[in-house]
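Whatever order the structure lists them in is the order used to number ligands and atoms, beginning at 1. Residue numbers count from 1 along this sequence. Basis for what follows: all heavy atoms, side chains included, without hydrogens, waters or symmetry-related copies.
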Amino acid sequence: MAKHWADFQYEIYLQGMTGSVPRLPTDLTRLEELTEQRLGQGPVGYVAGSAGSGSTAAANRAALDRRRIVPRMLRDVEQRDLSVEVLGRSLPAPLALAPVGVLSIMHPEAEPAAARAAAAQGVPYILSSASSTPMEEVAGAMGDGERWFQLYWAKDREVTASFLARAKAAGFTALFVTLDTPLLGWRPRDLDRAYLPFLHCVGTANYFSDPAFRAGLAKPVQEDPQAAVRHFVGMFADPAKTWPDLAFLRENWDGPIVLKGVLHPDDARRAAEAGVDGVVVSNHGGRQVAGSVAAADALPRVVEAAGDRLTVLFDSGIRTGDDIFKALALGARAVLVGRPYAYGLGLDGQAGVEHVIRCLLAEFDLTLALSGHSRPTTPSADDLTEEAR
Ligand SMILES: Cc1cc2nc3c(=O)[nH]c(=O)nc-3n(C[C@H](O)[C@H](O)[C@H](O)COP(=O)(O)O)c2cc1C
Ligand SMILES: O=C(O)C(=O)c1ccccc1
């Protein structure tokens, strides 16, 4: 019998009988404010922040909120199974942790703690190439947990090749190539404080530990950290890249490749033609293009263009179990979540991230059941209604 994620609800009530309550709120939308009280405006401004005046981040929420579930009754939802197949793997639920860089600004245990939480709950962890911890250390913390690697496709071929070789050797199976960040978006919250997180982890970070990256520096990182950060900002991504360049990645990576940050159906078609395995419909949580289409509004057309050629994943704005339901009903196979787990980490390390995963999936399991479904693959557009804008 499949695990019922909703059992977390009983567990909480039962613990209540011995006088204990959860350490963190079960409404995850409250985590940002709590994290800001704990860690201050610099780090939380960076995590919470988005491009421009925040219009895309707001649109992401509005597009999910505008869609309403129309629950169905009397459909035998007693036995449920949340597992889904994604990129040839069976996942226990349609959820993975999105790549989030420089997590040391949230918690000293940073990415390894988040990765351990994901592994403990059986959820895949997508490690950011801009991790504050070398990828081998994160992989080592995960046991046999499913690990996927996010690539910022650097200007320097040697650095990209080095990252791919290291990721393969460290047991990362799928490659997520982020396309929406050839340049960093205009982020007023960080600009007004001149807050760039990389100096905070220059001694430890994945990039700064890379031999090919270090070979490009005039002085060792420790001697001139500012120069190392400048070098990083100038080369971690490459605005000159075009679709034919993908051939290099296809040649240098044997496993599944997923393009992260696809919003236009024609780009989904190009992705399929380029022979990749999937796309993440995402606007980077609203952090890149202000005024852009909400991710949930872009999703149905991408799903249609992808047909059965691509696995379509979704992120940007997922905060609750019903958001997951809506994304699946709009055609996503599974979703990624970013900021909520970064706050969970900031508030309570590994346990905080596990709390976020368990709340999201318990609420999703209940939403699924209460809406008349037993499997995450059956919700469809027919389960949703759309309110007027
Ligand atoms: C602090 C922060 C750092 C991020 N770093 C990366 C990154 O290194 N690579 C990447 O592909 N996406 C990165 N993202 C984007 C996330 O992977 C994801 O697309 C986004 O957070 C999803 O939206 P959500 O936060 O609303 O769930 C980052 C997001 C945040 C909030
Ligand atoms: O802040 C981000 O959204 C992001 O993607 C990023 C980019 C470079 C380094 C670290 C994170």
Please confirm whether L184 comes under 4.0 Å of ligand 2, counting heavy atoms of the residue only.
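In this structure, L184 qualifies as a contact of ligand 2 - some heavy atom is under 4.0 Å.
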Minimum-distance protein heavy atom relative to [atom]:
{"atom": "atom 18 (C) of ligand 1", "answer": "D315 OD2, 3.3 Å"}
{"atom": "atom 27 (O) of ligand 1", "answer": "G338 N, 2.9 Å"}
{"atom": "atom 20 (C) of ligand 1", "answer": "G285 N, 3.8 Å"}
{"atom": "atom 11 (C) of ligand 2", "answer": "Y46 OH, 3.3 Å"}
{"atom": "atom 5 (O) of ligand 2", "answer": "Y152 OH, 2.4 Å"}
{"atom": "atom 1 (C) of ligand 1", "answer": "R287 NH2, 3.4 Å"}
{"atom": "atom 11 (O) of ligand 1", "answer": "T178 OG1, 2.6 Å"}
{"atom": "atom 5 (N) of ligand 1", "answer": "G101 N, 3.1 Å"}
{"atom": "atom 7 (C) of ligand 1", "answer": "Y152 OH, 3.4 Å"}
{"atom": "atom 8 (O) of ligand 1", "answer": "S128 OG, 2.7 Å"}

F176 heavy atom under 4.0 Å from ligand 1:
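Per 4.0 Å heavy-atom rule, F176 does not contact ligand 1.
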Determine, using heavy atoms of P99 and all atoms of ligand 1, whether some pair is separated by less than 4.0 Å.
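Flag set, P99 near ligand 1.
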Which is closest to atom 24 (P) of ligand 1 in terms of heavy atoms, Q288, M106, R319?
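Among Q288, M106, R319, the closest heavy atom to atom 24 (P) of ligand 1 comes from R319.
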Pick from R187, K260, Q150: the one approaching atom 2 (C) of ligand 2 most closely through a non-hydrogen atom
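Of the listed residues, R187 has the closest heavy atom.
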Do V337 and ligand 1 have an N or O pair less than 3.5 Å apart?
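There is no such contact.
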Of all the atoms in ligand 1, which lie at a distance below 4.0 Å from a heavy atom belonging to [X]?
{"X": "V47", "result": "1 (C), 31 (C)"}
{"X": "S316", "result": "22 (C), 23 (O), 26 (O)"}
{"X": "S282", "result": "19 (O)"}
{"X": "K260", "result": "10 (C), 11 (O), 12 (N), 15 (C), 16 (C), 17 (O), 18 (C), 19 (O)"}

Applying side-chain contact (heavy atoms from CB on, under 4.5 Å), run through L345 and V100 and close with a yes or a no.
CA-CA 11 Å; L345 178 72; V100 172; over 6 Å; no
Ligand 2 versus T181, non-hydrogen atoms closer than 4.0 Å: side chain, backbone, both, neither?
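The answer is neither.
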Specify side chain, backbone, both or neither for Q288, according to which of its non-hydrogen atoms lie closer than 4.0 Å to ligand 2.
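Contact part for Q288 vs ligand 2: neither.
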Say whether, by atom type as modelled, one donor and one acceptor occur between the side chain of [X] and the main chain of [Y] under 3.5 angstrom.
{"X": "R157", "Y": "F248", "value": "no"}
{"X": "R38", "Y": "L347", "value": "yes"}
{"X": "K260", "Y": "F176", "value": "no"}

Consider only side-chain N and O atoms of [X] and [Y], and report whether a donor and an acceptor are under 3.5 Å apart.
{"X": "Q150", "Y": "T178", "result": "yes"}
{"X": "Q288", "Y": "R187", "result": "yes"}
{"X": "E111", "Y": "S132", "result": "yes"}
{"X": "T56", "Y": "N283", "result": "no"}
{"X": "S380", "Y": "D382", "result": "no"}
{"X": "T367", "Y": "D322", "result": "no"}

Verify side-chain contact (heavy atoms from CB on, under 4.5 Å) between V356 and R339, making sure each step is shown before the conclusion.
CA-CA 10 Å; V356 167; R339 294 181 186 89; over 6 Å; no
Measure Q150 to ligand 1 on non-hydrogen atoms and call it side chain, backbone, both or neither using the 4.0 Å cut-off.
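For Q150, only side-chain atoms sit under 4.0 Å from ligand 1.
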Got a sec: does the CZ of R189 have more than 12 other heavy atoms crowding it under 6.0 Å?
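Enclosed.
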Subset of ligand 2 atoms that lie under 4.0 Å from at least one heavy atom of [X]:
{"X": "F198", "value": "8 (C), 9 (C), 10 (C)"}
{"X": "A130", "value": "9 (C), 10 (C)"}
{"X": "F236", "value": "8 (C)"}
{"X": "R287", "value": "1 (O), 2 (C), 3 (O)"}

Y207: ring-ring contact (aromatic ring centres under 6.0 Å, His included) partners, not counting sequence neighbours
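In terms of ring-ring contact (aromatic ring centres under 6.0 Å, His included), with neighbours along the sequence ignored, Y207 is linked to F163, F213, F232.
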Measure across L384 and V70 and return the closest heavy-atom pair with its distance rounded to 0.1 Å.
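Nearest pair, atom of L384 first, then V70: C-CG2, 4.2 Å.
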Indicate the atoms forming the closest heavy-atom contact of A139 with R147, along with that distance.
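Smallest heavy-atom distance, with atoms named: CB-NE, 3.6 Å.
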Mind telling me whether Y195 and Y46 have parallel, tilted or perpendicular rings, with 30° and 60° as the class edges?
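Aromatic pair Y46/Y195 classed tilted.
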